[in-house]
Each structure stands twice: as C-alpha cells, then as structure tokens.
Amino acid sequence: MADAEGAKRLTGLLNGIAQSSYYGNADITEELLKSELYPNLPADQFRALLEKMRGLLKSIVSADMDINQIDAFLTAQAKKQGGITTEQAAVIAKFWKNHKRKIRESVVSQSRLENNLKSMNWRIDLKSQSRHTDQENSPVAIVEMEIGKNDKL
C-alpha cells in the first residue's frame, strides 16, 4: 500500500463507497469496484477490505468528524490489531477532507422530510354568544398551517 498506485486504488474504493452509499449511484456495485480497482485480490480479501473501509467511512460520516477528530480516530485505528496502515489512514484523511461537505449535504438532504411547513397563521377567538352560558367567553385557538414540498430540492 506504500506506493502511489495503492493510494489511488484506495481513493477509488472510497469514492465508490461514497457514490453507492451517500450519493445514490446504483451503478457502483461491489463487483465493479473489485474488477476495476482490485482485480488480482481474492474475493474474500476484497470483501474484507470493502467492509472495513465502509465501516470506517460510516463512523466518520455519522460523527461528522472534523480534522482533529479524524486524525485521532485514524491514529487509534492504525494502532489497533488488524486495523489500518498509516498509509491508508493518510488516504482516508485526505478523502474526508475533500469530500466532507458534499457527503454531509447528501446525508442531510436524504434525512429531510419531503414536506415542509410553508406558512402558519393563528388566532385566539372568544365566544360571545352560545346556547350554553358556560361556553361564553371561553378562548378557542385556530391554527392554519400550509404544508408543501420543498422547492429547493
């Protein structure tokens, strides 16, 4: 992994994971990533690498890590038995630095509800006439809400 080719392949793998997991690109499959990036790696080793990188990226995204947090997280992962190498940690840190904003925007837009509150009006009325005297002068709240699709998406 020490060579530039290994760093390029790992960056490609991280991009593929981001495309399929966060940007909704269904064309990026596990088979495509393996055949394009790691054709000589046995399937079980590739699957292990893919799951490890997917798990790391998921942890980083869900915590919305800043530069200091990701450095500490990746350093801990590199020291862990069966963790990542320092070269992989450097590639992951660079990838996150370059893609943090876009991935975060994608996650936020995917978690947003379709409908939004467009406007709201309210008022309090007092009944001045009623068949029953106990209902007179009792306040009634009237709330009107307009809900619509988010036009920005």
Side-chain angles (χ1 to χ4, degrees), residues 1-125 139-153:
M1 186 70 199
D3 60 289
E5 185 63 33
K8 277 185 179 180
R9 286 189 304 211
L10 183 58
T11 301
L13 181 64
L14 293 170
N15 275 311
I17 293 169
Q19 285 291 326
S20 65
S21 299
Y22 302 107
Y23 304 144
N25 188 344
D27 296 336
I28 306 296
T29 63
E30 186 176 319
E31 294 78 24
L32 176 71
L33 292 173
K34 182 180 180 338
S35 66
E36 292 294 319
L37 300 171
Y38 296 93
N40 298 328
L41 196 64
D44 58 333
Q45 288 180 10
F46 174 74
R47 191 162 290 113
L49 176 65
L50 178 67
E51 290 308 314
K52 183 188 296 185
M53 292 304 145
R54 189 176 278 149
L56 289 172
L57 198 54
K58 183 178 180 183
S59 296
I60 293 166
V61 170
S62 64
D64 193 25
M65 293 184 187
D66 64 22
I67 297 300
N68 294 331
Q69 290 171 320
I70 196 165
D71 284 342
F73 175 73
L74 293 174
T75 300
Q77 292 298 316
K79 289 179 181 177
K80 196 165 81 170
Q81 181 80 19
I84 59 174
T85 66
T86 54
E87 292 85 7
Q88 288 173 327
V91 170
I92 294 167
K94 183 177 179 183
F95 173 83
W96 182 242
K97 181 181 173 191
N98 293 334
H99 294 270
K100 178 183 178 178
R101 186 184 56 77
K102 191 173 178 185
I103 290 175
R104 186 179 187 309
E105 287 172 359
S106 175
V107 169
V108 168
S109 71
Q110 289 173 17
S111 64
R112 208 177 280 153
L113 296 175
E114 279 293 315
N115 292 326
N116 292 323
L117 180 64
K118 295 291 186 184
S119 67
M120 183 175 110
N121 296 315
W122 63 275
R123 69 176 192 258
I124 305 282
D125 289 344
V140 176
I142 299 173
V143 179
E144 297 174 350
M145 293 186 281
E146 180 185 351
I147 298 175
K149 289 202 179 243
N150 189 355
D151 299 332
K152 208 173 184 182
L153 295 176

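This chain uses plain numbering: 1 for the first residue, then up along the sequence.
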Practice problem: List the steps and the verdict of side-chain contact (heavy atoms from CB on, under 4.5 Å) for Leu56 and Trp96. | Solution: CA-CA 11 Å; Leu56 289 172; Trp96 182 242; over 6 Å; no
Practice problem: Could you check if a side-chain atom of Asp27 sits within less than 4.5 angstrom of a side-chain atom of Gln19, using non-hydrogen atoms only? | Solution: no
Quiz item: So, for Leu37 and Gly12, which heavy atoms are closest and what is the spacing to 0.1 Å?
Solution: CD1-C, 3.5 Å
Quiz item: Quick one: side-chain contact (heavy atoms from CB on, under 4.5 Å) partners of Glu36, sequence neighbours excluded?
Solution: Leu32
Quiz item: Roughly how far, to the nearest 0.5 Å, is the CD atom of Glu51 from the CD atom of Glu30?
Solution: 7.0 Å
Self-check item: Criterion side-chain contact (heavy atoms from CB on, under 4.5 Å) on His99 and Asn15, from CA distance to verdict
Solution: CA-CA 9 Å; His99 294 270; Asn15 275 311; 3.3 Å; yes
Quiz item: Which residue pairs pass the side chain to side chain donor-acceptor pair (under 3.5 Å) test with at least one member in residues 71-83, sequence neighbours excluded?
Solution: Gln77-Lys80
Quiz prompt | side chain to side chain donor-acceptor pair (under 3.5 Å) partners for Ser62, two or more places apart | solution = none
Exercise. Working to the nearest 0.5 Å, report the span between CG of Leu49 and CG of Leu41.
Key: 7.0 Å
Quiz item: Taking side chain as C-beta onward, heavy atoms only, is Thr11 less than 4.5 Å from Lys94?
Solution: no
Quiz item: Could you give the distance from CD (Glu144) to CE (Met120), rounded to the nearest 0.5 Å?
Solution: 10.5 Å
Quiz prompt | Side-chain touch Tyr38/Leu50, heavy atoms, less than 4.5 angstrom | solution = no
Quiz item: What pair of heavy atoms forms the shortest contact from Gly16 to Leu33, and how long is it?
Solution: CA-CD2, 3.8 Å
Self-check item: Check: Gln45 side chain, Pro42 main-chain N or O, donor-acceptor pair, under 3.5 Å
Solution: no
Quiz item: If you round to the nearest 0.5 Å, how far is CG of Asn98 from CG of Leu14?
Solution: 11.5 Å
Quiz prompt | Separation of Asp125 CG from Arg123 CZ (nearest 0.5 Å) | solution = 4.5 Å
Practice problem: Please report the shortest heavy-atom distance between Val91 and Ala7, naming the atom on each side. | Solution: CG2-CB, 3.8 Å
Practice problem: Can you see which heavy atom on Met65 is nearest to which on Ile70, and at what distance? | Solution: SD-CA, 3.9 Å
Quiz prompt | Exam field: side chain Lys34 to backbone Arg47, donor-acceptor pair closer than 3.5 Å | solution = no
Quiz prompt | Check against side-chain contact (heavy atoms from CB on, under 4.5 Å), Leu13 and Phe46 | solution = CA-CA 10 Å; Leu13 181 64; Phe46 174 74; 4.1 Å; yes
Quiz prompt | Salt bridge Glu105-Arg101, side-chain N to carboxylate O under 4.0 Å | solution = yes
Self-check item: Considering all heavy atoms, the nearest Arg54-Ile17 contact
Solution: N-CD1, 3.8 Å
Self-check item: Close side-chain approach of Lys100 to Asp66, heavy-atom, < 4.5 Å
Solution: yes
Practice problem: Mind running side-chain contact (heavy atoms from CB on, under 4.5 Å) on Ile60 and Gln69 for me, showing each step along the way? | Solution: CA-CA 9 Å; Ile60 293 166; Gln69 290 171 320; over 6 Å; no
Quiz prompt | Within 45° cone and under 6.0 Å: Lys102 NZ/CZ vs Tyr22 ring | solution = no
Quiz prompt | Interatomic distance, Met145 atom CE to Leu117 atom CG [nearest 0.5 angstrom] | solution = 7.0 Å
Self-check item: Any donor-acceptor pair under 3.5 Å from Lys52 side chain to Gly83 backbone
Solution: yes
